[in-house]
Participant: 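First the structure, then my questions, so here it is.
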Amino acid sequence: MEQAINKNGVKIKKCCASCEHKDFDKGGNRLCMRGNGHVLKDEVCPLWHISEKMDGIKKSVEEGKVKRPEWLQYLLYQVDCAAKIAEAAGKRFQGISEEKKEAMKRSWESKHGDVYL
C-alpha cells in the first residue's frame with residue numbers, strides 16, 4: 001500500500017480512511033465527497049488528499065507508536081483537571097502517576113478501543 005509522510009514525518013497509509021474527502025452516508029457506509037461514490041476503507045484513488053487529523057499526528061516519544069488524537073486530548077484534559085484540583089486545594093501539582101495513567105488507559109480502551117492508530 002502506498003504511503004505519504006505527514007508534516008511531522010509520520011508515515012500515513014494512503015487509503016479512504018486517511019483521506020480528507022471521506023464522509024459517511026446515513027447508513028454509515030464510506031462515501032467519497034469527490035464523486036467516487038461508496039468506497040472501502042482500504043481503497044485509494046487519484047483524488048486522495050491527507051486529512052487534517054492525519055496530517056497533525058505525531059509519534060509518541062516514549063513508545064514510538066502513533067496514538068489516537070482523541071486519546072491524547074482526553075489525557076491532556078485529565079491532567080488539566082487534576083492540576084486545577086491541586087491548585088484549588090493549595091497544593092503543588094506533581095503530575096499523574098503511571099498507575100493512574102494505566103487505569104485511565106484501560107478505561108478508555110474498554111469504551112473506545114485501542115489508544116494507538
Side-chain angles (χ1 to χ4, degrees):
M1 183 175 279
E2 287 183 69
Q3 293 183 334
I5 306 290
N6 76 1
K7 65 183 179 186
N8 297 308
V10 177
K11 291 181 182 177
I12 303 293
K13 291 179 183 176
K14 282 187 173 183
C15 60
C16 178
S18 64
C19 183
E20 177 182 306
H21 309 300
K22 83 165 181 277
D23 202 356
F24 297 92
D25 65 12
K26 292 180 183 178
N29 300 308
R30 288 181 188 275
L31 185 64
C32 178
M33 298 305 293
R34 289 292 190 144
N36 284 341
H38 288 95
V39 291
L40 299 174
K41 67 179 180 177
D42 293 332
E43 286 185 287
V44 64
C45 72
L47 301 173
W48 181 89
H49 188 269
I50 193 167
S51 71
E52 189 175 318
K53 189 178 271 189
M54 291 289 126
D55 201 28
I57 288 178
K58 297 179 182 177
K59 280 189 178 180
S60 169
V61 174
E62 66 216 359
E63 298 175 26
K65 293 182 179 178
V66 179
K67 294 182 180 176
R68 290 174 56 184
E70 302 91 342
W71 161 248
L72 295 174
Q73 288 172 345
Y74 171 78
L75 189 57
L76 288 173
Y77 173 77
Q78 294 299 320
V79 169
D80 188 47
C81 287
K84 287 179 181 176
I85 290 170
E87 183 182 328
K91 296 180 181 177
R92 183 173 167 254
F93 179 64
Q94 298 186 4
I96 294 178
S97 71
E98 289 302 315
E99 294 167 348
K100 179 73 173 166
K101 284 182 192 174
E102 268 307 307
M104 289 167 41
K105 181 180 172 193
R106 283 192 302 274
S107 175
W108 169 273
E109 289 178 330
S110 71
K111 295 174 187 169
H112 306 287
D114 200 357
V115 298
Y116 302 105
L117 287 177

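These figures come from a predicted structure and were not determined experimentally.
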Participant: Would you say Arg34 has more than 12 foreign heavy atoms packed within less than 6.0 Å of its CZ?
Facilitator: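 Counting neighbours around CZ of Arg34, 12 or fewer heavy atoms of other residues, nucleotides or ligands fall under 6.0 Å, so no.
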Participant: Determine whether a donor-acceptor pair (N or O, by modelled atom type, separation under 3.5 Å) exists between the side chain of Asn6 and the backbone of Asn8.
Facilitator: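 Looks like yes, one N/O pair under 3.5 Å.
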Participant: Does the side chain of Ser97 come within less than 4.5 Å of Lys100's, by heavy atoms?
Facilitator: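 They are in side-chain contact.
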Participant: Would a 4.5 Å heavy-atom cut-off, applied to side chains only, mark Tyr74 and Gln78 as touching?
Facilitator: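 Yes, at least one pair of side-chain atoms sits under 4.5 Å.
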Participant: Report the C-alpha distance between Met104 and Glu109 in whole Å, list the side-chain angles of each, state the deciding distance to 0.1 Å, and finish with yes or no for side chain to side chain contact (heavy atoms under 4.5 Å, CB included).
Facilitator: CA-CA 9 Å; Met104 289 167 41; Glu109 289 178 330; over 6 Å; no
Participant: How many angstroms lie between atom CD of Glu102 and atom OG of Ser107, to the nearest 0.5 angstrom?
Facilitator: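 Spacing of CD (Glu102) from OG (Ser107) equals 12.0 Å.
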Participant: Is Leu31 reachable from Val39 through a run of hydrophobic residues whose side-chain heavy atoms are each under 4.5 Å from the next?
Facilitator: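 The answer is no; the residues belong to distinct hydrophobic clusters.
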Participant: Output the distance between atom CH2 (Trp48) and atom CD1 (Ile12), rounded to the nearest 0.5 Å.
Facilitator: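 That separation rounds to 7.5 Å.
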Participant: Report whether Ile50 and Met33 are members of the same hydrophobic cluster (ILVMFWY, side-chain heavy atoms less than 4.5 Å apart, transitive linking).
Facilitator: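 Per the 4.5 Å side-chain linkage, Ile50 and Met33 are not co-clustered.
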Participant: Looking only at atom types and distance, does a side-chain atom of Ser51 sit under 3.5 Å from a main-chain N or O of Cys19, one as donor and one as acceptor?
Facilitator: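 No; zero donor-acceptor contacts below 3.5 Å.
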Participant: Using a cut-off of 6.0 Å, state whether more than 12 heavy atoms not belonging to Glu87 lie near its atom CD.
Facilitator: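 Atom CD in Glu87 is not crowded, with 12 or fewer foreign heavy atoms closer than 6.0 Å.
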Participant: Return yes when atom CZ of Phe24 has more than 12 non-hydrogen atoms of other residues, nucleotides or ligands closer than 6.0 Å, and no otherwise.
Facilitator: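 Buried by this count: over 12 neighbours within 6.0 Å.
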Participant: Side chain of Arg30, backbone of Lys22: donor and acceptor closer than 3.5 Å?
Facilitator: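 No.
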Participant: For a 4.5 angstrom cut-off between non-hydrogen side-chain atoms, does His112 reach Arg68?
Facilitator: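 Yes, close enough: below the 4.5 Å cut-off.
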